[in-house]
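Down below is the structure, laid out as structure tokens.
Each residue takes its place number in the sequence, starting with 1. Start at 1 and go down the list; that is how both ligands and their atoms are numbered. Computed from a predicted model, the values in this text were never measured in an experiment.
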Amino acid sequence: MNAAANQPALSQATLDFLAREHKLFINGAWIQSSGPETIDIINPSTEEVITKIQAGTRADIDKAVVAAQSALKGEWAALSSRQRGKVLLRFADLIDENLQTLAELEVLDNGQPLMIAQYTVAGFGADFVRYYAGWCDKIEGATIPVSPAEAPAGGSLTYTKREPIGVVGAIIPWNAPIAMAILKIAPSLAAGCTIILKPAELAPLTSMKLADIAKEAGVPDGVFNVVNGTGPEVGAALSEHMNIQKVSFTGSTGVGQTIAKAAAGSNLKKVTLELGGKSPVVVFPDANMEKVIPSICRAAFFLQGQNCMAGTRLLVHKDVADAVIEGVVAALAFWKVGDGFQPDTLIGPLISATQRDRVMSFIEAGKAEGARLVTGGNAVGEKGYFVEPTVFADCKPDMTIVQEEIFGPVLSVLTFDTYDLDEIAQLANDNVYGLSGSVWTQDISRAHKLVSMIDSGQVSINCHAAVDPAIPFGGNKMSGWGREFGKEGLEPFLKTKATTVVF
Ligand code: NAI
Ligand code: MG
């Protein structure tokens, strides 16, 4: 694997961005961090340091909060809802114009294949912002036909108004950086909030580029701030802050729990959490094999398996288990591992050496606990954090690789020998997570019945993890609190005021 050799020339805009000094974006300007620390930004395909960013501190979060609080009352609040929508539409257009630079930065920083980065910038960057731009002038309250004791019948009106919740702290992970950033920014701005974004220290570059783009689009100073830094310092400062009204977090379950405690122990700020997953893909013998095989591969190995909705528990009926496993192994021959800039790459590197080692330790646990390694199982390449797509068969429900979110390219296959939906649902639900899942069969009544029995925020039929800006997404059980995407994704950024008028 020769990562550097086939790398295409980067666009001038990308080179210019990388070459500059990376400060903190507070109140509409790039300002010096108040601390001395910098963070090396590493290309996970080459292990080379591509640039350095300044790490912010608690003092910088305080500065950003002051800016965001004051922006909440200024020019931003004075815009009509439709004007706010137009700012978001300009933001979306500029994301499209910067597509190549954003995609290149994403590949350099995160390692994902260029094609996926381009697709994400368009679909989960620009289009996602457009979707929320459309909500700006549709955020409505209600009129409520009651006459409270104080208000005589016929002589009163009760109405509700939806107001921006306030200053939002957004803490995001490194697995799909630009999508994660936009997922927080777009509904915050559509609701009229102001936001302080803390990117993941392992992949912050596209978040920073978005700050420039937002400014150019006319987002007023202080409305959107980016403060880099480490989780325990800057992330904790956000979740503990007394003047932040909401934290929106995507990341690991443990950190989600820490954030919920910090919110409870400070100002009871509202919290939404999008955490891990270990989603089941349930395959019956009548499933369309031509469709299910490639979909199993995408479900498990998209973004190297570093995605929360990954379908990493394949539950397959015994009658077709061998055929499905053989089909998946054959399909994986085309899943080339390599640098994201190589056009035939489908699996890039994992984000870091730590993540690679963590994934390898799960693979070792799979072998030690008696799962049958069907394909993959190795870290590869002299440079870069690459791991082969890996499939384990003959898995048992209590194995580590069946219970834990691996966040790497590892699929665990379990079989069932029944059509009893209670038994199958029990197997599907035998996990602390409940984020996504899918059921594959031509029998619609079986499909709908089983879907209703699986305890996940998203369970699809004959496809896995259909994501769209308009479809609510989020987890049950330990996969989190609340929903993102769609109209429901706007709700956590709003608060309701009820007013009764007596006349
Ligand atoms: P992480 O949860 O530590 O990082 C996510 C974000 O949280 C980063 O921006 C980080 O700086 C921040 N953070 C860390 N500690 C914090 C704290 N005390 N307070 C506030 N913010 C804090 O995830 P990490 O360590 O990078 O990955 C470890 C594992 O977590 C992965 O192997 C995977 O299993 C899981 N994970 C799941 C994700 C998901 O989308 N479901 C995303 C990222 C990681
Ligand atoms: Mg990186």
Worksheet item: Can K209 and D109 be counted as an ion pair, charged N to O under 4.0 angstrom?
Response: no
Worksheet item: Looking only at protein heavy atoms, which one is nearest to atom 42 (C) of ligand 1, and how far off is it?
Response: P173 CB, 3.3 Å
Worksheet item: Can you tell me the protein heavy atom closest to atom 41 (N) of ligand 1 and the distance?
Response: L275 O, 3.0 Å
Worksheet item: Is the backbone N or O of G384 less than 3.5 Å from a side-chain atom of E47, with the two atoms forming a donor-acceptor pair by type?
Response: yes
Fill in: Aromatic plane relationship, Y131 with F128 - under 30° parallel, 30 to 60° tilted, over 60° perpendicular
tilted
Worksheet item: Taking the six-membered ring for Trp, are W76 and F224 ring centroids under 6.0 Å apart?
Response: no
Worksheet item: Tell me: protein heavy atom nearest atom 24 (P) of ligand 1, and distance?
Response: W174 NE1, 3.7 Å
Practice prompt. Show which atoms of ligand 1 fall inside a sub-4.0 Å distance from at least one heavy-atom site of I172.
Written response: 6 (C), 8 (C), 9 (O)
Worksheet item: Going by atom types alone, do E104 and T14 pair a side-chain donor with an acceptor below 3.5 Å?
Response: yes
Practice prompt. Look at D212 together with K215 and state whether they make a salt bridge at an N to O cut-off of under 4.0 Å.
Written response: no
Worksheet, complete the sentence: Contact region, Q306 to ligand 1, non-hydrogen atoms below 4.0 Å, reads neither
Worksheet item: Short question: side chain of T194, backbone of A68 - any donor-acceptor pair under 3.5 Å?
Response: yes
Worksheet item: Any donor and acceptor pair, going by atom type alone, linking the side chain of N225 with main-chain N or O of I195 inside 3.5 Å?
Response: yes
Worksheet item: How are the rings of W174 and F407 set relative to one another: parallel (under 30°), tilted (30 to 60°) or perpendicular (over 60°)?
Response: perpendicular
Worksheet item: Are any of the side-chain heavy atoms of Y433 and S456 separated by less than 4.5 Å?
Response: no
Fill in: Which residue and heavy atom of the protein sit nearest atom 34 (O) of ligand 1, plus the separation
E405 OE1, 3.2 Å
Worksheet entry | A262 contact mode with ligand 1 (heavy-atom cut-off under 4.0 Å) | neither
Discussion item. Within a 6.0 Å radius of atom NZ on K487, are there more than 12 heavy atoms belonging to other residues, nucleotides or ligands?
Written reply: no
Worksheet item: For ligand 1, which atoms sit closer than 4.0 Å to a heavy atom of I259?
Response: 20 (C)
Report all side-chain donor-acceptor pairs from residues 298-306 shorter than 3.5 Å, counting only partners two or more places apart or in another chain.
from, atom 1, to, atom 2, distance (Å)
Q304, OE1, G348, N, 2.9
Q304, NE2, P349, O, 3.4
Q306, OE1, I351, N, 3.0

Worksheet item: Counting each atom of ligand 1 from 1 as listed, which ones have a heavy atom of T250 under 4.0 Å away?
Response: 40 (O)
Worksheet entry | Is_contact(atom 19 (N) of ligand 1), protein non-hydrogen, under 4.0 Å | yes
Response to the item:
among protein heavy atoms, the one nearest atom 32 (O) of ligand 1 is R358 NH1, 2.6 Å
Worksheet item: Would you say Q355 and ligand 1 have an N/O pair spaced under 3.5 Å apart?
Response: yes
Worksheet item: Are G277 and ligand 1 in contact, using a heavy-atom cut-off of under 4.0 Å?
Response: no
Worksheet entry | Contact partition for E274 relative to ligand 1, non-hydrogen atoms under 4.0 Å | neither
Discussion item. If the cut-off is 4.0 Å to any non-hydrogen atom of G235, which atoms of ligand 1 fall inside it?
Written reply: 19 (N), 20 (C), 21 (N)
Worksheet item: Ion pair present between E240 and R58, side-chain N to carboxylate O less than 4.0 angstrom?
Response: yes
Discussion item. Using a 4.0 Å cutoff against the non-hydrogen atoms of P199, which atoms of ligand 1 qualify?
Written reply: 9 (O)
Practice prompt. Report the part of T253 in contact with ligand 1, treating N, CA, C, O as backbone and CB onward as side chain, heavy atoms under 4.0 Å; options are side chain, backbone, both, neither.
Written response: neither
Item to complete: Verify the distance criterion only: is there a donor paired with an acceptor across the side chains of Q118 and E106 at less than 3.5 Å?
Response: no
Worksheet entry | Sub-3.5 Å N/O-N/O distance, K198 and ligand 1 | yes
Worksheet item: Which ligand 1 atoms are under 4.0 Å away from a heavy-atom of A236?
Response: 19 (N), 20 (C)
Worksheet item: Identify the closest protein heavy atom to atom 12 (C) of ligand 1: which residue and atom is it, and at what distance?
Response: I171 CG2, 3.6 Å
Worksheet entry | Shortest heavy-atom approach to atom 30 (O) of ligand 1 - which of S252, G408, G305 | S252
Worksheet item: Near G276, which atoms of ligand 1 are under 4.0 Å from a heavy atom of that residue?
Response: 41 (N)
Worksheet item: Are any of the N/O atoms in E201 less than 3.5 Å from those in ligand 1?
Response: yes
Worksheet item: Considering only the protein, which heavy-atom contact is closest to atom 38 (C) of ligand 1, and what is its distance?
Response: F407 CZ, 3.3 Å
Worksheet item: Which residue and non-hydrogen atom of the protein lie closest to atom 14 (C) of ligand 1, and at what distance in Å?
Response: G231 CA, 3.4 Å
List, one per line, each side-chain donor-acceptor pair under 3.5 Å for residues 372-380, sequence neighbours excluded.
from, atom 1, to, atom 2, distance (Å)
R372, NE, D394, OD2, 2.8
N378, ND2, E388, OE1, 3.1

